[in-house]
Visitor: 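Below: one structure in structure tokens.
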Amino acid sequence: MIFGFIPLVNQWGELIQQLTQREIKARYKQSILGYAWVVLAPLLKLTTLSIVFKYFFKINTGEIPYSLFLFTALVPWTYTANAVSAATSSLIANAALITKIKMPRVIFPISAILVKLVDLGLSTAVLLALMLTMGQPIYWTIIWLPLIFLVQMVMTLGVSLILSALNVFYRDVENLLEVFLMIWMYLSPVIYPPEYVPETWRMVYNLNPMVGIINAYRNTLLYGVAPPWESFGYAILVTAGVFIIGWRYFQKRQAVFADVI
Amino acid sequence: MTAIKFDQVSKQYTKGKKLLKEALIEVARFKRAEQFWALKDISLAVEPGEVVGVLGPNGSGKSTLLKLIAGVTEPTTGLVTVKGRIAPLIELGAGFHAELTGRENIYINGSILGLKIKEIDRRLKEIIDFAELVEFIDTPIKHYSSGMYMRLGFSVAIHVDPDILLIDEILAVGDAPFQAKCLRAMNQFKNQEKTMVIVSHASDLLESFCTRGLVIWQGSLAFSGPMTEALKEYRRLLTEQYGNHFNHGYHSHPE
Ligand SMILES: Nc1ncnc2c1ncn2[C@@H]1O[C@H](COP(=O)(O)OP(=O)(O)OP(=O)(O)O)[C@@H](O)[C@H]1O
Ligand SMILES: [Mg+2]
């Protein structure tokens with residue numbers, strides 16, 4: 001399966017690159033505000049959520065200011081949510097190509113996920129700016145970031161493969177997606193600390209790979225400690241499982257995409 | 001070396017699209033989706049340089065045959081082998097991304113077919129000129145007329161240096177001058193010993209152009225041989241099915 005990737009990139013890398021660049025350019029052309037939104041929207045969300053959960057709900061995040069605590073999770077979460085959502089509709093959006101030319105169809109969800117990296121880059125810059133202005137020290141544990149990010153990407157791709165393939169067969173998947181993402185967000189420690197989850201539920205709760213990933217980001221960025229293995233370890237295992245299932249399912253189903261799309 | 005080979009190929013489709021909730025209901029009731037065979041047990045071999053015309057009534061499976069050759073769909077049983085680069089299947093609503101401009105689509109199509117960006121750069125002008133779309137090349141495809149779609153589709157397909165060209169009932173959309181241009185291009189192709197498979201209801205075109213004819217009848221290969229014979233066989237089958245009145249005006253010279 002991993003070996004499937006190398007020829008994919010060799011032969012189709014240029015196409016993936018083109019589809020990705022094209023989307024990015026189109027967004028940029030539509031409006032400079034298109035990218036201003038990428039910065040503004042999370043800032044607005046951040047402000048609102050901060051006020052509500054800090055002052056109304058009085059969520060306790062100890063030493064760390066709530067807004068920083070929130071934003072470290074909101075940035076990666078928003079990436080995964082937007083990437084999954086774009087990837088889910090990517091096959092339908094490219095139906096005209098899929099029914100006319102033979103090519104590996106994974107190209108479309110992959111490119112959809114890559115496109116959203118621009119947004120992630122911009123919001124990460126905002127996060128860094130916020131950290132610096134709030135006097136948050138940068139710890140050496142930042143070197144963990146590439147690993148955490150890799151796990152997040154693989155997980156995002158795995159989920160995207162499953163949902164995009166399902167969406168070809170059942171168009172209501174796209175409609176259910178919003179609900180799915182909302183549930184997923186509330187079951188992830190984005191707006192609250194994971195310690196708020198009752199001890200007895202923690203094992204089940206940690207099965208959500210986003211839990212380990214968010215905890216790992218917070219640990220390394222805000223607290224200067226290594227990723228928490230009890231949740232991040234789970235995240236790695238579940239991610240591997242999700243990816244294998246997603247890749248297999250996609251490969252199995254892609255033969256008939258052109259027939260049902 | 002055979003260009004296209006079908007070995008006992010059959011293709012089954014499932015009828016009707018579904019929503020997740022409908023699928024769940026079906027599972028709950030132990031019902032299975034309705035299926036039917038669009039092509040049944042087709043075996044054939046096409047040599048490089050052959051120009052094959054495909055005849056058959058609506059819904060007989062002609063487009064399905066081309067899709068199998070193009071590799072966009074896979075046979076349910078049997079084996080399809082194709083040698084050489086295949087141009088994108090040219091049919092109505094060509095393989096383009098509606099939101100992208102003509103130019104961007106040329107690049108994307110080119111890369112899918114394995115051309116390097118530099119190679120596409122070199123062919124770009126020729127493709128645009130052939131399609132006569134200089135003014136509209138930076139307009140999103142969604143604003144193209146069906147004739148413009150077809151021009152671009154045809155132009156891309158013949159300029160990516162394919163070994164196999166598949167044409168599905170499309171020439172009808174082009175205006176007379178462009179049709180003539182397409183025919184000239186196809187003639188050049190013919191002279192270069194490239195393989196073509198053409199689906200058309202225009203029997204004159206097929207008769208003058210193709211070296212071989214296939215008749216697809218209700219999903220089966222009813223005839224394969226010289227084009228004139230294929231047309232005769234097709235007319236015979238039509239008469240058998242619909243009676244003689246159907247064929248009035250179909251023969252230009254009734255025997
Ligand atoms: N993706 C699909 N899903 C389900 N059924 C399909 C699909 N594509 C084609 N069919 C069915 O398969 C049969 C053959 O279709 P096909 O498009 O190959 O016919 P055709 O010979 O090209 O007809 P026409 O002359 O009208 O273009 C038809 O009954 C059609 O409804
Ligand atoms: Mg057809």
Visitor: Any chance you could measure A:Met153, atom CE, to A:Thr239, atom OG1, to the nearest 0.5 Å?
Guide: 12.5 Å

Visitor: To the nearest 0.5 Å, tell me how far A:Asn82 CG sits from A:Ile113 CD1.
Guide: 12.0 Å

Visitor: Between A:Phe250 and A:Phe257, does the ring centre distance come in under 6.0 Å?
Guide: yes

Visitor: Sort B:Lys11 into side chain, backbone, both or neither according to what part of it lies under 4.5 angstrom from a heavy atom of chain A.
Guide: side chain

Visitor: Does the Lys NZ or Arg CZ of B:Arg151 fall within the cation-pi geometry relative to B:Phe130 - under 6.0 Å from the ring centre and within 45° of the axis?
Guide: no

Visitor: Taking every heavy-atom pair that is under 4.5 Å apart, which of B:Leu66, B:Ile117, B:Asn109, B:Ile112 has the most such pairs with chain A?
Guide: B:Ile112

Visitor: Quick one: does any side-chain atom of A:Glu14 pair with a main-chain N or O of B:Lys116 as donor and acceptor, under 3.5 Å?
Guide: no

Visitor: Answer with side chain, backbone, both or neither: which region of A:Ala93 has an atom nearer than 4.5 Å to a non-hydrogen atom of chain B?
Guide: backbone

Visitor: Can you tell which part of B:Ile141 gets under 4.5 Å to a heavy atom of chain A, answering side chain, backbone, both or neither?
Guide: neither

Visitor: Examine whether an atom of B:Tyr107 lies under 4.5 Å from a heavy atom of chain A, and if so say whether it belongs to the side chain, the backbone or both; otherwise answer neither.
Guide: both

Visitor: Please state whether the side chain, the backbone, both or neither of A:Ile98 comes within less than 4.5 Å of a heavy atom of chain B.
Guide: backbone

